[in-house]
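Here the structure is laid out as structure tokens; the discussion comes afterwards.
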Amino acid sequence: MTKQYTLGQLAAHIDASVVGDSDYVIDRIATLSKAGPTEIAFLANKKYRNQLEQTRAGAVIVSQEDAAHFSGNKIVVKNAYIAYAHLAQMMDTTPVSASNVHSSAVIHGSVQLSDSVSIGANAVIEAGAILGEHVQIGPGCFVGRNTKIGQNTKLWANVMVYHDVVIGDNCLFQSGAVIGSDGFGYANEAGKWIKIPQVGSVNIGNGVEVGANTVIDRGALDDTIIHDNVILDNLIQIAHNVDIGEGTAIAAATVIAGSSTIGKHCQIAGLVGINGHIDICDGVIITGMTMVTKAITESGVYSSGIPHSANKEWRRNIAHFRNLSEFKQRLKSLETLTEQLQNIDD
């Protein structure tokens, strides 16, 4: 059954004010273009301001700047997108990943867990694991030996957490995430690869979210570390002994090679490649498809991906690119010749 809220209740939750009917009843959040009379919408991007005139929403979340453009019920806030995020959490209808402890779950007798823990069908919890209050372990998950999972952390179905991993409170792991798999450590002896056991682990802070099919490798000797409030999108590879600072966000399909350190509050777009054994300072923004091959020591925006173009133009540009060394040499020769001619004139 859908839960209902008055506008007054919603506004109180985000410490905002209602302009209109505070008793008006809302049951969900929707977009301006699709919202109906029992739904609340929001305007966070000014290019959609014209939709305020046509929306059928029962109320709209608007900034102080946009409030004058809507005459219906509204909640007026400083930042409409942040207000939307808080209200979306309040009205969230996402189900639990597990309810109670399923009879098919395999739980070693030494596992420490309280009555508030839920474990789904066919999950396996190995010896010495510790599960905090209100932890949810979805169907088909694996939690390895001596792993610790903090309170209110949620694993969706088929998340794999290897041995000796430490996970903090209020974390979320989407399906298919793998935490603590072996780092890519090998030595080459006369053409033969000798595996180096990865005896470090993974240490994950509080409030971390990990997307579907993202992999975080365990450290070779020391731990791979993900600090508080880091958010990781789907299909990310984080290699052994990487250290990611507090509040950093990384989008899908980014790859971080071993022993690199990412600072606090960085924003890394999708398909970025970061070389191993380099440091990136706090507050760095890296745009999509950038290849980072050396340390970044100053905050700012960094790019290297090439925007698409028509194939014919792209081929022509690539041909020029391949001849850059020749162009450079020719330019140098012209500069030398120009200098010689200037000396003759003098």
* To do: List the steps and the verdict of side chain to side chain contact (heavy atoms under 4.5 Å, CB included) for V208 and I231.
  => CA-CA 6 Å; V208 172; I231 53 175; over 6 Å; no

* Asked: Between the main-chain N or O of Y48 and the side-chain N or O of N45, is there a donor-acceptor pair closer than 3.5 Å?
  -> no

* Any sub-3.5 Å donor-acceptor pair from S259's side-chain atoms to G276's backbone N or O? -> no

* Hydrophobic cluster membership, Y5 vs I14, 4.5 Å side-chain cutoff -> yes

* To do: Would you please test N152 and D169 for side chain to side chain contact (heavy atoms under 4.5 Å, CB included) and show each step?
  => CA-CA 6 Å; N152 298 314; D169 301 338; 5.8 Å; no

* Indicate yes or no: at least one non-hydrogen side-chain atom of V18 is less than 4.5 angstrom from one of L10. => no

* Looking at OG of S181 and CZ of R218, how far apart are the two atoms once the value is rounded to the nearest 0.5 Å? -> 8.5 Å

* Asked: Is there a donor-acceptor contact under 3.5 Å from the side chain of T147 to the main chain of Y162?
  -> yes

* Between I274 and I262, is a side chain to side chain contact (heavy atoms under 4.5 Å, CB included) present by the stated rule, with each step listed? -> CA-CA 10 Å; I274 299 177; I262 314 297; 3.9 Å; yes

* Asked: Near I318 CD1, under 6.0 Å, is it more than 12 heavy atoms from other residues, nucleotides or ligands?
  -> yes

* To do: Taking the side chain as every heavy atom from C-beta outward, state whether H86 and M90 have any atom pair closer than 4.5 Å.
  => no

* Asked: Would you call K3-D27 a salt bridge at under 4.0 Å N-O?
  -> no

* Asked: With side chains defined as the heavy atoms from C-beta onward, is the minimum distance between I256 and I250 less than 4.5 Å?
  -> yes

* Asked: Are V135 and V161 connected, step by step, through hydrophobic side chains (Ile, Leu, Val, Met, Phe, Trp, Tyr) whose heavy atoms are closer than 4.5 Å?
  -> yes

* When rounded to the nearest 0.5 angstrom, what is the spacing between CD1 in I225 and CG in N203? -> 6.0 Å

* Heavy atoms only: give me the nearest I29-F42 pair and the separation to one decimal. => CG2-CD2, 4.4 Å

* To do: To the nearest 0.5 angstrom, please state how far the CE atom of M160 sits from the OG atom of S175.
  => 9.5 Å

* Closest approach of T290 to Y302 (non-hydrogen atoms, all atoms of both residues) -> OG1-O, 3.7 Å

* CG of D92: more than 12 outside heavy atoms within 6.0 angstrom? -> yes

* Could you tell me whether F142 atom CZ has more than 12 heavy atoms of other residues or ligands within 6.0 Å of it? => yes

* Verdict with supporting geometry, V62 and V77, side chain to side chain contact (heavy atoms under 4.5 Å, CB included) -> CA-CA 6 Å; V62 291; V77 297; over 6 Å; no

* Is a side-chain donor or acceptor of D228 paired with a backbone partner of N206 at a separation under 3.5 angstrom? -> yes

* State whether K34 and E39 are salt-bridged, where the test is any N-O pair (Lys NZ or Arg NE/NH1/NH2 against Asp/Glu carboxylate O) under 4.0 Å. => no

* To do: Decide salt bridge (Lys or Arg N to Asp or Glu O under 4.0 Å) for K195 and D182; before the verdict, give the C-alpha distance in whole Å, the side-chain angles of both, and the deciding distance to 0.1 Å.
  => CA-CA 10 Å; K195 183 175 178 58; D182 276 358; 3.0 Å; yes

* Could you give the distance from NE2 (H134) to OG1 (T153), rounded to the nearest 0.5 Å? -> 12.0 Å

* **Student check: side-chain heavy atoms of V60 and L32 closer than 4.5 Å** => yes

* Quick check: are there more than 12 heavy atoms from other residues, nucleotides or ligands sitting under 6.0 Å from CD of E326? -> yes

* Where do I119 and A123 come nearest, in terms of heavy atoms and distance? -> CG2-CB, 3.6 Å

* To do: Using atom types as modelled and distance alone, determine if a side-chain donor or acceptor of Q9 lies under 3.5 Å from a backbone N or O of T6.
  => yes

* To do: Determine whether more than 12 heavy atoms belonging to other residues, nucleotides or ligands lie under 6.0 Å from atom CG of D115.
  => no

* Close side-chain approach of I26 and L7, heavy atoms under 4.5 Å -> yes

* Over all atoms of both residues, closest heavy-atom pair of G207 and C171 -> N-SG, 3.8 Å

* Asked: Do we see a donor-acceptor contact under 3.5 Å between the side chains of S116 and E133?
  -> yes

* Asked: Are I107 and I130 grouped together when hydrophobic residues (ILVMFWY) are joined by side-chain heavy atoms under 4.5 angstrom apart?
  -> no

Solution key, residues 234-244 side-chain donor-acceptor pairs under 3.5 Å, sequence neighbours excluded:
{"unit_1": "N234", "atom_1": "OD1", "unit_2": "A212", "atom_2": "N", "d": "2.7"}
{"unit_1": "Q237", "atom_1": "NE2", "unit_2": "D217", "atom_2": "OD2", "d": "3.0"}
{"unit_1": "H240", "atom_1": "ND1", "unit_2": "Q198", "atom_2": "OE1", "d": "2.7"}
{"unit_1": "N241", "atom_1": "OD1", "unit_2": "A220", "atom_2": "N", "d": "3.0"}
{"unit_1": "N241", "atom_1": "ND2", "unit_2": "D222", "atom_2": "O", "d": "2.8"}
{"unit_1": "D243", "atom_1": "OD1", "unit_2": "H227", "atom_2": "NE2", "d": "3.0"}

* Looking at OH of Y186 and CD1 of I194, how far apart are the two atoms once the value is rounded to the nearest 0.5 Å? -> 11.0 Å

* Asked: Is M91 linked to Y81 within one hydrophobic cluster, defined over Ile, Leu, Val, Met, Phe, Trp and Tyr using a side-chain heavy-atom separation of less than 4.5 Å?
  -> yes

* Structure fact -> Looking only at heavy atoms, the pair that brings H108 and E126 closest together is CB-C, 3.9 Å

* Asked: Crowded around Q54 CD? As in, over 12 foreign heavy atoms under 6.0 Å?
  -> yes

* **Value rounded to 0.5 Å, distance of CD1 in I82 from CD1 in I61** => 12.0 Å

* Does any N or O in the side chain of S333 come within less than 3.5 Å of the main-chain N or O of Q329, such that one atom is a donor and the other an acceptor? -> yes

* Asked: For E339, does its backbone N or O pair with a side-chain atom of N343 as donor and acceptor, under 3.5 Å?
  -> yes

* Is a donor on one side and an acceptor on the other found under 3.5 Å between the side chain of D233 and the backbone of A252? -> yes

* Looking only at heavy atoms, which two atoms of A251 and G270 are closest? And how far apart? -> CB-N, 3.4 Å

* Is it true that V159 and I137 fall in one hydrophobic cluster, defined by side-chain heavy atoms closer than 4.5 Å? -> yes

* **Side-chain donor or acceptor of S201 paired with backbone N/O of D164 under 3.5 Å** => yes

* Side chains of V101 and V117: does their closest heavy-atom pair fall under 4.5 Å? -> no

* To do: Kindly indicate whether the side chain of I216, heavy atoms from C-beta on, has any atom under 4.5 Å from the side chain of I226.
  => yes

* Would you find a donor on one side and an acceptor on the other, under 3.5 Å apart, between the side chain of R56 and the backbone of G36? -> no

* To do: Just do the salt bridge (Lys or Arg N to Asp or Glu O under 4.0 Å) check on R49 and D66 with the steps written out, would you?
  => CA-CA 8 Å; R49 184 183 280 169; D66 292 321; 2.5 Å; yes

* Asked: Tell me, do Q340 and T336 make a side-chain contact under 4.5 Å, heavy atoms counted?
  -> yes

